[in-house]
There are 2 protein chains.
Amino acid sequence: MDTEPTSYRDRKVISIGTVSELTGLSERQIRYYEERKLVFPDRTKRGFRKYSFDDVERLMDIADKIEDGVQTFEIRQEMIRKKKAETKENVRENMLRGQLNAHFNLRK
Amino acid sequence: MDTEPTSYRDRKVISIGTVSELTGLSERQIRYYEERKLVFPDRTKRGFRKYSFDDVERLMDIADKIEDGVQTFEIRQEMIRKKKAETKENVRENMLRGQLNAHFNLRK
DNA sequence: CGTGTAAGGAATTCTGACACG
DNA sequence: CGTGTAAGGAATTCTGACACG
């Protein structure tokens with residue numbers, strides 16, 4: 001529905017040390033934000049975390065909010081709200097699509 | 001001149017183990033292609049290789065050629081030829097640009 | 001609540017070399 | 001030429017926990 005199915009932005013290939021350098025956050029912080037369910041890295045077979053560029057950006061956003069005094073709990077709530085809004089939008093979009101399809105199928 | 005100055009495609013953040021999984025090549029092969037000057041990973045302070053998605057793609061191209069019996073030496077030659085061709089093109093492009101600028105600067 | 005740190009162990013990566021062909 | 005492998009060492013990452021506040 002977007003550009004690519006899974007673009008470079010979404011491939012989980014970056015290890016935590018590199019993410020730490022990229023974001024300026026400590027590994028401790030990065031792992032803690034995962035514990036609070038704000039980021040969801042993949043794991044290699046041996047259990048090593050792998051992040052995407054998208055995760056890196058999300059982490060920087062999180063860091064900004066934390067600095068502004070927002071609690072991880074609130075950040076999570078916000079995330080969930082946004083996700084729900086998106087889902088609703090998709091439902092509407094698909095309904096519209098269905099109606100259009102029905103319309104054109106009848107005509108032909 | 002292109003899209004972004006340094007997009008996700010060009011950021012060197014992937015370690016050799018992950019590149020090995022992504023490409024299906026052994027670490028030995030990946031290091032050897034570097035020795036033959038076909039790829040140029042960055043290094044962390046401690047000397048760990050870091051690759052970009054672009055490197056990953058290049059490695060898969062290299063692997064295809066090797067399979068077809070092309071020698072690393074030839075692959076390298078080819079790379080150099082292409083780079084030179086690009087450089088020439090840029091030179092022409094910049095000359096043209098310069099002429100256009102001169103033209104419009106005179107008019108104004 | 002968010003983050004630092006020391007602890008012990010397991011997995012990763014590095015280089016130089018020998019091997020095969 | 002291209003690639004596998006064993007070798008020894010150094011650096012990375014993991015988890016659970018104690019600490020401060």
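A note on names: the letters A, B, ... follow the listed sequences, proteins ahead of strands, and every chain is numbered from 1.
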Problem - Atom-to-atom span, CZ of A:Arg43 to P of D:dT15 - whole angstrom - result: 4 Å

Practice task
May I ask which nucleotide in the shown strands pairs with C:dG2, Watson-Crick or G-U wobble, both distances under 3.5 Å?
Solution key: D:dC20

Practice task
Calculate, to the nearest 0.5 Å, the distance between atoms CZ and CG belonging to B:Arg11 and B:Asp42 respectively.
Solution key: 10.0 Å

Practice task
Could you state the atom-to-atom distance from CD1 of A:Ile16 to P of D:dT15 in whole Å?
Solution key: 9 Å

Practice task
Please determine if a side-chain N or O atom of A:Ser15 lies less than 4.0 Å away from the OP1 or OP2 oxygen of C:dT12.
Solution key: no

Problem - 5′-ward residue of the pair A:Ile66/A:Phe48 relative to DNA chain C - result: A:Ile66

Completion exercise
Side-chain atoms of B:Glu27 come closest, of D:dT15, C:dT12, C:dT13, to C:dT13

Handout entry: Watson-Crick/G-U partner (both atom distances under 3.5 Å) of D:dA7
Key = C:dT15

Practice task
Check the distance between D:dT15's C1' and A:Ile30's CD1 and give it to me in whole angstrom.
Solution key: 16 Å

Handout entry: Residue-phosphate contact under 4.0 Å: B:Arg46 side-chain N/O, C:dT13 OP1/OP2
Key = no

Problem - Side-chain ion pair, B:Arg49 and B:Glu27, N-O less than 4.0 Å - result: no

Handout entry: Rounded distance in Å - CD1 (B:Ile62) to P (D:dG2)
Key = 11 Å

Problem - Proximal nucleotide (of C:dG2, D:dT12, D:dT15) relative to the A:Arg31 side chain - result: D:dT15

Problem - Separation of atom OH in B:Tyr33 from atom C1' in D:dG2, rounded to whole Å - result: 7 Å

Practice task
Check whether any side-chain N or O of A:Arg28 sits under 4.0 Å from OP1 or OP2 of C:dG2, and answer yes or no.
Solution key: no

Practice task
Identify whether any heavy atom of B:Arg49 sits under 4.0 Å from a base atom; if not, whether one sits that close to sugar-phosphate; answer base, sugar-phosphate or nothing.
Solution key: sugar-phosphate

Practice task
Run through A:Gln71, A:Glu74, A:Glu78, A:Met60 and flag the one making a side chain to side chain contact (heavy atoms under 4.5 Å, CB included) with A:Lys65.
Solution key: A:Glu78

Practice task
Give a yes or no on whether a salt bridge exists between A:Lys88 and A:Glu93, defined as a side-chain N under 4.0 angstrom from a carboxylate O.
Solution key: no

Exercise for the section: Write down the distance between CD1 (B:Ile75) and C1' (D:dG2), rounded to a whole number of angstrom. Expected result: 11 Å

Completion exercise
Rounded to whole Å, NZ of A:Lys50 lies from C1' of C:dA11 at a distance of 11 Å

Exercise for the section: Calculate the interatomic distance between A:Tyr51 atom OH and D:dT12 atom C1'; express it in whole Å. Expected result: 13 Å

Practice task
Report yes if a side-chain nitrogen or oxygen of B:Tyr32 is closer than 4.0 Å to either non-bridging phosphate oxygen (OP1 or OP2) of D:dG2; otherwise report no.
Solution key: yes

Exercise for the section: Measure from the side chain of B:Gln71, starting at C-beta and using heavy atoms only, and say which of D:dG2, C:dG4, C:dT3 lies closest. Expected result: D:dG2

Problem - CZ (A:Phe73) with more than 12 external heavy atoms under 6.0 Å - result: no

Exercise for the section: Check every strand shown and say whether A:Thr44 touches a base, only sugar-phosphate, or nothing at a heavy-atom separation below 4.0 Å. Expected result: nothing

